[in-house]
Number of protein chains: 2
Amino acid sequence: MHGPPWWHGRFRGCGYRLTIPRDAILNVLSKASKHLSAEEIYFAVHKIYPAIGLTTVYRTVDLLAGMGLVHKFDFGDGRSRYELSKGPGSIHHHHLVCRGCGRVIDYTDFIDEEAELFKQTEAALSKKYNFKIKSHRVQFYGLCEKCKPKEENKE
Amino acid sequence: MHGPPWWHGRFRGCGYRLTIPRDAILNVLSKASKHLSAEEIYFAVHKIYPAIGLTTVYRTVDLLAGMGLVHKFDFGDGRSRYELSKGPGSIHHHHLVCRGCGRVIDYTDFIDEEAELFKQTEAALSKKYNFKIKSHRVQFYGLCEKCKPKEENKE
DNA sequence: ATGGGAATGGGAATCATTTTCATTAAGGGT
DNA sequence: ACCCTTAATGAAAATGATTCCCATTCCCAT
Ligand SMILES: [Mn+2]
Ligand SMILES: [Mn+2]
Ligand SMILES: [Zn+2]
Ligand SMILES: [Zn+2]
């Protein structure tokens, strides 16, 4: 709870500077309860540091993705969404995406068995295609509890 | 090899008209060996029917995705890519995406065990979140055999 | 303190996709 | 084969997220 946030150390090693905008953006992301768009990050950060521009948000979020600190997602709503990937409170998980309302649900259940299979699959794919796998993404698409009934009414 | 293509029947049932553009676009997709962007489809179709516009490609590909005939993907290169999902020659598969050059590799290996696990996972998720799962997407990100060496040289 | 490269921010530019609207053409009924 | 209704189309303009440009500011090792 005290001392500098856990990400402060990660910048020096890469030769990057830990600036106000970068720190502010990471703060916003670390407190976010959902998957934020660049603009949403911009608005949130803007309340505390009105000087920070949208361009910087894009640049920063891109840098962070390159460092592996955030994940960039496309859930099909026309804008990229970002989520902290490392650190306390962030666990590897997969997503359920509602085609009706766009809601995204994180799930970590059943990951145990998934993780085991993914390890095997990654190993086999790496060898067969001589491909170095860095990460993966799993998403299920469908209808959430709210949208399911609406769909049925259409018939 | 003869007779109307397999997709002709799929339109009537939905109340959609089978038009020249739609047929042409499906022909292009059915012959494609890679994941085409809207513009690539447009160029291919344009050689045979120069009158067909890019707008129609977008509309059609959207319609086909809604009908479940094509899958829409985002591989991170800034444009959506489309692939026939049903019919002879199209098997359900997952993707390896190279972060270096953007190459996308289809793989169907190891799907057997994956398929089994996915069935279980889908069932469990459906129940727990009261979510109707229609489809899923799995992508592995990393470096292909060509890009792997380049990355190592940078250090 | 100083110099130099890194980082920033505002505005313009890009570019994939969508919207608009006047025109065309499926295809069911005759 | 011919009409009619209406879905479908295409050209051009609009949109909107992301990127580019560049003058200015900031960080930090010397
Ligand atoms: Mn998530
Ligand atoms: Mn594929
Ligand atoms: Zn929903
Ligand atoms: Zn590659």
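Chain letters run A, B, ... following the sequence lines, proteins first and then strands; every chain starts at 1. Scope of the values below: all heavy atoms of this structure, side chains included, with no hydrogens, waters or symmetry mates. What you are looking at is a predicted structure, and each value in this text was computed from that prediction instead of being measured.
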Any [X] side-chain nitrogen or oxygen under 4.0 Å from OP1 or OP2 of [N]:
| X | N | value |
| --- | --- | --- |
| Arg22(B) | dA8(D) | yes |
| Ser37(B) | dA16(C) | no |
| Thr19(A) | dT8(C) | yes |
| Thr56(B) | dG10(D) | yes |
| Ser80(B) | dT17(C) | yes |

From [atom1] of [X] over to [atom2] of [N], roughly how many Å is that when rounded to an integer?
| X | N | atom1 | atom2 | value |
| --- | --- | --- | --- | --- |
| Arg59(A) | dC26(D) | CZ | P | 15 Å |
| Tyr58(B) | dA11(D) | OH | C1' | 15 Å |
| Phe75(A) | dA17(D) | CZ | C1' | 17 Å |
| Asp77(B) | dC15(C) | CG | C1' | 13 Å |
| Leu63(A) | dA6(C) | CG | P | 13 Å |
| Arg79(B) | dC15(C) | CZ | P | 9 Å |
| Leu26(A) | dA7(C) | CG | C1' | 15 Å |
| His46(A) | dG9(C) | NE2 | C1' | 11 Å |

With Arg59(B), the side-chain contact (heavy atoms from CB on, under 4.5 Å) member among Thr55(B), Leu63(B), Val57(B): Thr55(B)

Test applied, side-chain contact (heavy atoms from CB on, under 4.5 Å); reference residue, Ile25(B); option that passes from Val70(B), Ile41(B), Ile20(B), Leu36(B): Ile41(B)

Got a donor-acceptor contact below 3.5 angstrom from the [X] side chain to the [Y] backbone?
| X | Y | answer |
| --- | --- | --- |
| Ser37(B) | Ser80(B) | no |
| Ser126(A) | Phe131(A) | yes |
| Arg22(A) | Arg17(A) | yes |
| Ser85(B) | Gly68(B) | yes |

Any donor-acceptor N/O pair under 3.5 Å between dG27(C) base and Arg12(B) side chain: no

Give the nucleotide from the list [options] with an atom nearest to the side chain of [X].
| X | options | answer |
| --- | --- | --- |
| Pro21(A) | dT9(D), dT8(C), dT18(D) | dT8(C) |
| Thr55(B) | dA11(D), dT8(C), dG9(C) | dA11(D) |
| Ala38(A) | dT8(C), dT18(D), dT19(D) | dT18(D) |

For [X], report the nucleic acid contact type (base, sugar-phosphate, nothing); a contact means any heavy atom under 4.0 Å.
| X | result |
| --- | --- |
| Arg17(B) | base |
| Gly15(B) | nothing |
| Leu18(A) | nothing |

Paired nucleotide for dG5(C) [Watson-Crick or G-U wobble; both distances under 3.5 Å]: dC26(D)

Pairing partner (Watson-Crick or G-U wobble, both distances under 3.5 angstrom) of dG29(C): dC2(D)

Position toward the 5' end of DNA chain D (nearest nucleotide), Tyr16(B) or Tyr42(B): Tyr16(B)

